[in-house]
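Basis for what follows: all heavy atoms, side chains included, without hydrogens, waters or symmetry-related copies. When a ligand or atom number is given, it counts from 1 through the structure's own listing order.
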Amino acid sequence: MPGAPPMLQIQNYINGEFVPPVAGRYLDNIDPALGQVYGQIPDSDATDIARAVEAAEAAFPAWRAMPAEKRGRLLVRVADLIERNLERLAQAESRDNGKPVTLARTVDIPRAASNFAFFGTGIGHFASESHFQEGVAVNYTVRHPLGVVGCISPWNLPLYLFTWKIAPALAAGNCVVAKPSEITPATAYLLGELCQEAGLPAGVLNIVHGTGPRAGQAIVEHPRIKAISFTGGTKTGEHIARTAGPMFKKLSLELGGKNPNLVFADCDLDAAVRTSVQSSFANQGQICLCGSRILIERPIYEQFKQAFLERVAGLTVGDPLAETTRQGALVSEAHLEKVQSYIALAQSEGGRLLAGGRRVQPEGRCAGGYFLEPTVFEGLAPDCRTNREEIFGPVVTLTPFDTEAEALQWANGTDYGLSATIWTRDLDRAHRVAHQVHAGVVWINTWLLRDLRTPFGGMKNSGVGREGGLEALRFFTEPQNICVKL
Ligand code: TXE
């Protein structure tokens with residue numbers, strides 16, 4: 001086709017080289033904004049994973065022995081290269097995932113660079129503990145890298161979440177076998193090129209592409225992979241835990257969410273509305289931290305609702321590559337259908353549709369893409385399925401509440417516990433509510449404000465363990481205590 005961009009051919013990155021899958025099988029990669037195949041990715045299996053593990057094991061002794069500062073410098077070099085290739089990576093991410101290129105350019109790719117820079121420099125500050133008992137003994141705790149570790153990431157923030165795992169694993173001295181989502185493999189592939197250019201030693205990072213049940217499962221089952229860091233759906237997390245648990249692997253699971261926004265009548269209404277629109281619809285609602293249940297104190301319910309709907313009406317849905325687009329495509333046809341099934345469910349549960357609800361067919365090149373209007377419901381019971389299950393799309397519910405206790409009860413009324421947002425000017429209430437809400441991450445009068453030093457992760461079915469800062473470096477190391485009698 002004249003003028004059409006070239007098909008993207010992806011290969012595995014094993015032992016510092018780009019290699020085809022051993023069995024020679026490939027999967028189609030689809031551009032969700034067009035609804036068309038635009039490339040092929042390896043459909044790797046246990047043999048490819050075994051090769052990656054061998055390469056990682058061979059690279060491990062030299063990598064762990066390398067002074068932490070030198071390892072860190074290599075990671076900072078990768079960060080610099082990500083920044084230098086920002087536009088190319090943002091375009092690739094947008095095309096692969098359907099997200100607005102403006103979002104990839106300002107959030108996804110810069111944060112991927114930050115992940116490498118943060119852990120590349122942070123490893124130099126990772127001190128070991130010692131415990132001194134006057135006249136008796138001194139204990140000191142050494143933290144050894146684990147060896148070969150597995151990192152498995154999802155499709156919603158592809159490069160950002162991939163690097164969030166890989167960077168601390170490498171910084172701590174491990175070698176990595178990583179698998180990005182088969183739905184969004186493009187930027188992970190490009191990362192391999194940048195690691196080559198940065199001079200990362202062969203085998204230290206291996207990137208294997210393929211499906212969850214085949215390539216992902218082979219990582220989880222491999223007896224010489226010591227730890228699994230996974231982000232994705234709660235059901236997949238459960239399955240991984242069932243496989244890896246009896247093998248006594250270390251596990252970090254970042255799973256789904258059904259996050260509440262608690263909006264009190266004394267809040268800065270304008271800020272609460274503005275940010276709630278963002279927290280509902282950023283990345284088409286496909287962020288595990290999106291607030292999908294907005295609970296609003298009754299005196300301001302109508303006012304909040306009107307202002308919210310006005311802003312939602314201004315969100316431009318369309319071609320992710322257009323600079324004016326605020327809502328791109330959903331990631332896949334299957335996911336679009338899943339989200340649409342929840343819109344039907346919300347209606348059958350008695351929800352009143354206030355905005356959206358329909359598929360969008362933009363004119364021009366994106367006519368076959370997976371676009372959905374930002375959708376808002378009210379009138380649903382706080383404990384109905386729509387308000388308890390993760391939809392992971394541009395669908396939110398508005399619900400009025402009368403008391404703080406009622407708001408907390410509803411906020412905590414799901415199996416999830418990832419994040420929550422509280423809007424109030426009352427400091428006492430802000431802290432009181434924050435301490436009682438079952439969520440691993442709480443934002444007061446803001447959303448998605450991140451400091452990479454803080455523990456990140458969920459309670460209840462939202463996961464096990466925490467990522468970020470020292471938590472991540474602790475996860476990717478094995479403590480060994482040494483006691484010396486005085
Ligand atoms: O995720 P999966 P899916 C939620 C969201 C979404 C649902 C399913 O609700 O609708 O999960 O999405 C790999 N062994 N989230 O199906 O399957 C898979 O290849 C090892 C929330 O896309 O969990 C991919 O690399 N790996 C979420 C990764 O796991 C396996 C982000 C995630 O895919 C595997 C994404 C197996 N048996 C979806 N099966 C969040 N919390 O950020 C799959 N994988």
For residues 187-196, which side-chain donor-acceptor pairs fall under 3.5 Å, sequence neighbours excluded?
residue	atom	partner	partner atom	Å
Thr187	OG1	Glu93	OE1	2.9
Thr187	OG1	Glu93	OE2	3.3
Glu193	OE1	Arg88	NH2	2.8
Gln196	NE2	Gly16	O	2.9

Sub-3.5 Å pairs, protein N or O with ligand 1 N or O:
residue	atom	partner	partner atom	Å
ligand 1	9 (O)	Lys338	NZ	3.1
ligand 1	9 (O)	Glu390	OE1	2.7
ligand 1	10 (O)	Lys338	NZ	2.6
ligand 1	14 (N)	Gln217	N	3.4
ligand 1	17 (O)	Thr236	OG1	3.3
ligand 1	19 (O)	Lys179	NZ	2.8
ligand 1	19 (O)	Glu182	OE1	2.6
ligand 1	19 (O)	Gly212	N	3.2
ligand 1	22 (O)	Trp155	NE1	2.5
ligand 1	23 (O)	Gly233	N	2.8
ligand 1	23 (O)	Thr236	OG1	2.7
ligand 1	25 (O)	Ser153	O	2.8
ligand 1	25 (O)	Lys179	NZ	3.1
ligand 1	37 (N)	Gln217	OE1	3.0
ligand 1	41 (N)	Leu255	O	2.9

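Residues satisfying the salt bridge (charged side-chain N to carboxylate O under 4.0 Å, His left out) test with Arg224, not counting sequence neighbours, are Glu57.
Listed by first and then second residue, the salt bridge (Lys or Arg N to Asp or Glu O under 4.0 Å) pairs that reach into residues 454-468 are Lys165-Glu467, sequence neighbours excluded.
Ring-plane geometry between Phe456 and Trp164 is classed as perpendicular, the angle between the planes exceeding 60 degrees on a 0 to 90 degree scale with a lower cut at 30.
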Test side chain to side chain donor-acceptor pair (under 3.5 Å) applied to Gln40 and Asp28, step by step: CA-CA 5 Å; Gln40 300 233 295; Asp28 284 339; 2.9 Å; yes
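Between the side chain of Asn259 and the backbone N or O of Ala420, no donor-acceptor pair lies under 3.5 Å.
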